Amino acid sequence: MISGDSITLSLGGRSILQAAYVDAVPGAVTVLVGRSGAGKTTLFEVLVGRRRPDGGQVRWNGERVPRPSLAKLARRGLFYHPDRPWLAMQLTPADHFALLGSGPSDWHAAADMLGVTAWLSRRVGALSGGELRLTELALGLALAPSVALFDEPFRGLEPRHREQVATALRLLARRGAAVLYADHDVESVRRTADRLFSIERGATRLVEGFRERPLGEWYHEWPL
């Protein structure tokens, strides 16, 4: 549904991405793993149009997108969750849900699934880090996107919250969305992933049979 093919990018004279490839397919959860600094966030930013690559191309449903932008892709059905807060701090979660334009039953169901209902009327700026992350993910669930990209959705969450997020990601895939996320939480990856890409020194590979492979082989370096 969305893919980045042969993506190359250098910043400050340093190569960040080297012919990197990743894709997300409808009805499946695809995960990108890699050590810190391997290029996961940069690759995601290229996919959603926040960075222009030196080479390669982004495709949407097989069609090349010459100059991808987050606004353009969002209109096609993309939901992108960056690894930083993005909600308006002075509004409440209920305010944000109302802005979606979907019916109250849709966002109440999403809020209930991720346990957000208890703080719907509190200002976003007063939420804890975990509460904020769950609220952002609930908004993504309520939007019913065709493609959902999440940068480290499990970071900083308590175990019970990780379980709720894992359930939400699997639900999105069951509804037909192409789900792609990057994270370090190994147990959550094992529990949610249908497909696994690994990135090392800016190059990627599809890890076949990752459930049966030792963790070290997920991050194994290979000749470029």
Side-chain angles (χ1 to χ4, degrees), residues 1-12 14-60 62 68 73 78-84 133 137 140 147-157 162-163 165-166 168-170 172-173 177-224:
M1 192 67 193
I2 191 171
S3 65
D5 189 8
S6 302
I7 304 296
T8 59
L9 179 66
S10 295
L11 297 172
R14 175 171 166 257
S15 178
I16 305 298
L17 298 174
Q18 304 185 51
Y21 178 89
V22 71
D23 63 34
V25 299
V29 177
T30 304
V31 184
L32 177 66
V33 298
R35 298 181 179 91
S36 295
K40 300 186 298 299
T41 295
T42 303
L43 182 53
F44 274 25
E45 289 176 341
V46 169
L47 284 178
V48 302
R50 286 195 159 175
R51 287 188 185 273
R52 286 195 68 187
D54 300 325
Q57 55 189 241
V58 174
R59 292 182 179 272
W60 181 276
L73 294 175
L78 170 74
F79 173 74
Y80 172 56
H81 185 287
D83 185 26
R84 57 183 177 274
R133 180 62 55 89
L137 292 168
V147 177
L149 267 64
F150 303 90
D151 195 356
E152 299 202 24
F154 295 99
R155 184 177 60 81
L157 294 182
R162 291 195 200 105
E163 186 63 38
V165 171
L169 295 175
R170 294 301 315 168
L172 275 170
V179 179
L180 172 63
Y181 76 86
D183 213 288
H184 296 285
D185 192 310
V186 175
E187 291 309 312
S188 296
V189 171
R190 291 189 188 276
R191 189 162 61 249
T192 60
D194 299 305
R195 307 165 70 238
L196 186 77
F197 281 89
S198 175
I199 185 167
E200 181 73 35
R201 294 185 292 158
T204 58
R205 62 169 179 157
L206 182 66
V207 184
E208 301 283 1
F210 67 93
R211 294 184 187 282
E212 290 73 42
R213 290 177 180 269
L215 178 60
E217 293 186 12
W218 293 10
Y219 299 88
H220 179 65
E221 292 188 22
W222 61 97
L224 296 176

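In this chain, residues are counted from 1 in sequence order. This structure is a prediction, so every number in the text was calculated from the model and none was measured.
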Please check if the side chain of [X] supplies one atom and the backbone of [Y] the other of a donor-acceptor pair under 3.5 Å.
X    : Y    : result
D194 : V29  : yes
R133 : L157 : no
Q18  : R201 : yes
R59  : G62  : yes
T192 : A166 : no
T204 : Y21  : yes
D183 : F154 : yes

Is there a side-chain contact between [X] and [Y], using heavy atoms and a 4.5 Å cut-off?
X    : Y    : value
L73  : W60  : yes
V207 : R195 : no
D23  : F197 : yes
L149 : L47  : yes
V25  : M1   : no
F150 : V165 : no
Y181 : L169 : yes
V58  : V46  : yes

Distance check, rounded to the nearest 0.5 Å: [X] atom [atom1] versus [Y] atom [atom2]?
X    : Y    : atom1 : atom2 : result
R162 : R155 : CZ    : CZ    : 12.0 Å
L32  : S198 : CG    : OG    : 7.5 Å
L43  : R51  : CG    : CZ    : 11.5 Å

Got a sec, which residues hit side chain to side chain contact (heavy atoms under 4.5 Å, CB included) with P82, two or more places apart in sequence or on another chain?
R50, Y80, R84, W86
Pairing residues for S6 by the side chain to side chain contact (heavy atoms under 4.5 Å, CB included) criterion, not counting sequence neighbours:
none
Non-hydrogen atoms of [X] and [Y] that approach each other most closely:
X    : Y    : result
G202 : A20  : O-CB, 3.6 Å
P153 : A182 : CD-O, 3.5 Å
V31  : A193 : CG2-CB, 3.5 Å
A173 : V179 : N-CG2, 3.9 Å

Verify the neighbour count for atom CZ of R211: are there more than 12 heavy atoms of other residues, nucleotides or ligands below 6.0 Å?
yes
Would R191 and E163 count as a salt bridge (charged side-chain N to carboxylate O under 4.0 Å, His left out) here? Give the steps.
CA-CA 9 Å; R191 189 162 61 249; E163 186 63 38; 3.4 Å; yes
In sequence, state the C-alpha distance, the side-chain angles, and the governing distance for L78 and V48, and then conclude on side-chain contact (heavy atoms from CB on, under 4.5 Å).
CA-CA 9 Å; L78 170 74; V48 302; 3.8 Å; yes
With S10 as reference, evaluate L17, I16, D54 under the side chain to side chain contact (heavy atoms under 4.5 Å, CB included) test and give the passing residue.
D54
Strictly below 4.0 Å, N to O, side chains only: are K40 and D83 in salt-bridge contact?
no
Verify the distance criterion only: is there a donor paired with an acceptor across the side chains of D151 and T41 at less than 3.5 Å?
yes
